Amino acid sequence: MDNQLQKQYFSTELLLWYERSKRDLPWRRSKNPYYIWVSEIMLQQTRVDTVIPYFHRFIEKFPTVAALAAAPESEVLKAWEGLGYYSRARNLQSAVREVHEQYNGIVPSDKAEISELKGVGPYTAGAILSIAYNQPEPAVDGNVMRVLSRYFALEDDIAKPSTRIGIERLAQGLIPAGEAGAFNQALMELGATVCTPRAPQCLTCPVQVHCAGRLAGIAEQLPVKTKAKPPRPERRAVALIVGSGAHGGQLLIRQRPQDGLLARMWELPHAELPPARSASAAEGVTPAAAPARGAQRRAARGGVPEESHDVVMAFLREHLAAADGIGIVPKAWFMNTEHVFSHILWDMFVYRCEAAAAALSSEAPNSLPPNYRWLNVNEMEEYPFPNVFLRIINEYKSLL
DNA sequence: AATACGGGGTA
DNA sequence: TACCCAGTATT
């Protein structure tokens with residue numbers, strides 16, 4: 001088929017399909033650029049169904065650029081709690097403050113200006129410009145790369161930045177005049193609901209008859225994408241430090257460093273354990289004969305780390321004393337849990353602990369390091385926690 | 001070009 | 001279990 005006709009057909013049919021099939025999503029009910037912006041940041045690497053409740057709460061709490069600009073960062077992180085990729089929240093607020101101060105609260109409609117804002121990359125810039133301002137800019141995300149790879153039977157590796165650039169150029173050329181916002185959303189909507197990563201529903205696809213990938217029988221093999229490295233395993237001993245006396249009903253928590261993983265979030269004190277003795281090394285078997293990592297993980301989850309609990313508890317006590325000057329007395333194993341980041345896998349062994357006598361003394365009530373606090377477990381709203389620690393704390397609360 | 005950066009849905 | 005999600009920043 002003539003290439004130009006294939007493109008024209010695609011844009012026309014996709015737009016018609018979208019107008020009759022689009023989902024009623026909260027951020028589609030207005031063109032408020034601030035709402036669009038917030039939704040697009042939340043939607044980065046995150047599913048629509050996950051975002052919806054966060055979006056409602058966030059807009060209710062921070063209804064305008066001015067409101068978000070004026071909020072304490074901890075409140076913003078708390079509103080983002082559980083959503084992940086917390087630099088999105090910190091960058092969003094930083095950028096909103098920039099818009100508040102430099103642009104009089106008006107989200108820029110200029111591509112260069114909006115692209116300079118923190119957290120606004122090529123996808124988000126194109127999404128805001130097209131959806132809020134109807135500018136003919138492409139918005140190429142994972143959905144769009146998949147849909148176009150299949151429709152045009154492109155076999156370039158979508159993990160490569162150069163491929164994204166090429167698809168952006170292709171997508172820009174597909175935008176119907178005056179329909180940038182609807183068209184970009186239609187492309188993503190098709191990828192999310194019909195042209196899915198696995199088992200695409202080609203029979204219900206509005207552009208199936210000219211889809212080169214389907215016609216070649218390779219739709220399910222596309223897009224080509226090099227697979228990510230598996231996360232590296234880490235073992236961590238976690239201290240669930242239960243207060244007594246003046247700190248009865250409280251847990252000892254600490255704030256993470258300013259930068260890096262889970263920056264500025266709060267957590268239970270913990271320490272990394274030495275790497276587990278790998279089964280293959282220990283038994284001298286080849287890696288191919290070694291048990292799958294999942295089997296090793298299940299072994300860890302079963303109740304004990306390789307070391308005895310006594311050894312791990314001693315390690316935890318010594319580490320917190322040396323690193324943070326915290327005196328604790330580990331009492332007993334509490335639970336194990338596992339947490340998977342995209343690049344790290346935490347095997348966590350949680351121990352119920354008490355504060356050492358010195359930390360309870362009324363003579364030294366302020367001896368905690370500045371990033372430590374006693375937390376009332378029923379008043380957690382000021383402290384944003386990553387989900388992994390929320391799970392542990394909620395398990396503890398459920399047993400009270 | 002490769003890596004850091006969360007958490008969860010789904011087949 | 002493997003894949004991937006309305007990606008961006010940093011190195």
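Quick caveat, the model's predicted, so the values are computed rather than measured. Quick note on labels: first sequence line is chain A, next is B, and so on, each numbered from 1.
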Close approaches to DNA chain C from residues 125-141 of chain A, in residue order (heavy atom, under 4.0 Å): Asp141(A)
P-based separation of dA6(C) from dC5(B) [nearest Å]: 23 Å
Return the polar atom pairs (N/O with N/O) between nucleotides 9-11 of chain C and the protein under 3.5 Å, or none.
from   : atom 1 : to        : atom 2 : distance (Å)
dA9(C) : OP1    : Gly119(A) : N      : 2.5

Provide the full list of ring pair (Phe, Tyr, Trp, His ring centres under 6.0 Å) pairs with a residue in residues 249-270 of chain A, sequence neighbours left out, each pair given once. Trp266(A)-Tyr383(A), His270(A)-Trp346(A), His270(A)-Phe389(A)
Test Glu272(A) against every option in Arg236(A), Arg235(A), Arg232(A) by the salt bridge (Lys or Arg N to Asp or Glu O under 4.0 Å) rule and name the one that passes. Arg236(A)
Euclidean distance, atom CG of residue Asp157(A) to atom P of dA1(B) [Å, nearest integer]: 10 Å
Within residues 159-197 of chain A, residues whose heavy atoms come under 4.0 Å of DNA chain C: Met188(A), Pro197(A)
Per-nucleotide protein contact string for nucleotides 5-11 of chain B, where B marks a base within reach and S marks sugar-phosphate only (heavy atoms under 4.0 Å, - for neither): BBBBBB-
Carefully, step by step, assess Trp374(A) and His247(A) under the rule side chain to side chain donor-acceptor pair (under 3.5 Å). CA-CA 7 Å; Trp374(A) 283 104; His247(A) 297 299; 3.3 Å; yes
Describe the nucleic acid contact of Arg256(A) in one word from base, sugar-phosphate, nothing, applying a heavy-atom distance below 4.0 Å. nothing
What nucleic acid atoms does Trp27(A) come within less than 4.0 Å of, heavy atoms only: base, sugar-phosphate, or nothing? base
Atom pairs and distances, donor-acceptor, side-chain atoms in residues 117-130 of chain A, under 3.5 Å, two or more places apart:
from      : atom 1 : to        : atom 2 : distance (Å)
Tyr123(A) : OH     : Glu40(A)  : OE1    : 2.5
Thr124(A) : OG1    : Gln44(A)  : NE2    : 2.9
Ser130(A) : OG     : Gly126(A) : O      : 2.7
Ser130(A) : OG     : Ala127(A) : O      : 3.2
Ser130(A) : OG     : Asn184(A) : ND2    : 3.0

